[in-house]
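Notes follow once the structure below has been shown.
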Amino acid sequence: MSKLYLVPTPIGNLKDITFRAIEVLKEVDLILAEDTRNSSKLLQHFNISTPMQSHHMHNEHQQLTYWTQQINAGKKIALISDAGTPAISDPGFLLTRACIENQIEIECLPGATALIPALVNSGLPNDRFVFEGFLPDKKGRQTRLLALQEETRTMIFYVSPHKLTKTIGDFKQYFGSDRRASISRELTKMFEETLRGSLEELFAIAEKKTWKGEIVMIVAGKTNKEKKEKHIQS
């Protein structure tokens, strides 16, 4: 039966792939991968010989009609990103939406994603949270941060390593130096680490280090105490 499968892949440790994900990747007719060179290492490790083609941010718009037609014609296709769950700050949303519009069945497997381990490991409230992904580099950055100043839920951000110090500086400016936060780097990998503290404390650490690898930053939301203090100051 034709179908689009959204298949999460490990964010670092290859043992984090599920049995079901391996089974699906072996059984489908084709795998669409964000980077075929990177994904080929994963497929080789698990002896998966399914054909693979690239599907990334630079070609996904042009390919939507073609791939929806291929699935409608009877193909079973799996979509994977370089790491984690497709469509979470990675390609996948556009093809998913196109399949829905064409009444194509979609099955999303549960699996690895960096944001949830980082959130739980932060020690910050996780009953309610908001995922912000990557902040805009320039245009729209200030607008986004201003909008988040009143956010009471715990906030999750993906941060490029060479922008970490600047980003923490921006957070200090808009959220206050005492706001609690955590930095999770290289989750599930050999050099995994999580740093916790105030934005002031994390900024002092960040500006002394050269950062590498994938980084998730968790920032506490605005508290009632902060709201009261702001009200008194105004």
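- Between the side chains of R141 and T167, at least one donor-acceptor pair of N or O atoms lies under 3.5 Å.
- With no hydrogens or angles considered, no side-chain donor-acceptor pair links S54 and T36 at under 3.5 Å.
- Looking at D178 and S198, their side chains never bring a donor and an acceptor atom within 3.5 Å of each other.
- T68 places a side-chain N or O within 3.5 Å of a backbone atom of T65 that can act as its donor or acceptor partner.
- Here the closest non-hydrogen pair linking L119 and P125 is CD1-O, 4.2 Å.
- Ion pairing between a basic and an acidic side chain is recognised when a charged N comes within 4.0 Å of a carboxylate O; E200 and R180 show no such pairing.
- Panel note: side chain R185, backbone K212; a donor-acceptor pair is recorded below 3.5 Å.
- Surrounding CD of Q142 are at most 12 heavy atoms belonging to other residues, nucleotides or ligands under 6.0 Å away.
- The two atoms that bring I104 and L4 nearest to each other are CG2-N, 4.4 Å, heavy atoms only.
- A ring-ring contact (aromatic ring centres under 6.0 Å, His included) with F157 is found for exactly one of F171, F134, F131, namely F171.
- Considering every non-hydrogen atom in both M57 and P91, the closest pair reads N-CG, 3.8 Å.
- T18 places a side-chain N or O within 3.5 Å of a backbone atom of A21 that can act as its donor or acceptor partner.
- Salt-bridge check for E150 with K222: passed, with a basic side-chain N closer than 4.0 Å to an acidic carboxylate O.
- H55 and Q63 share a donor-acceptor pair across their side chains, judged by distance under 3.5 Å alone.
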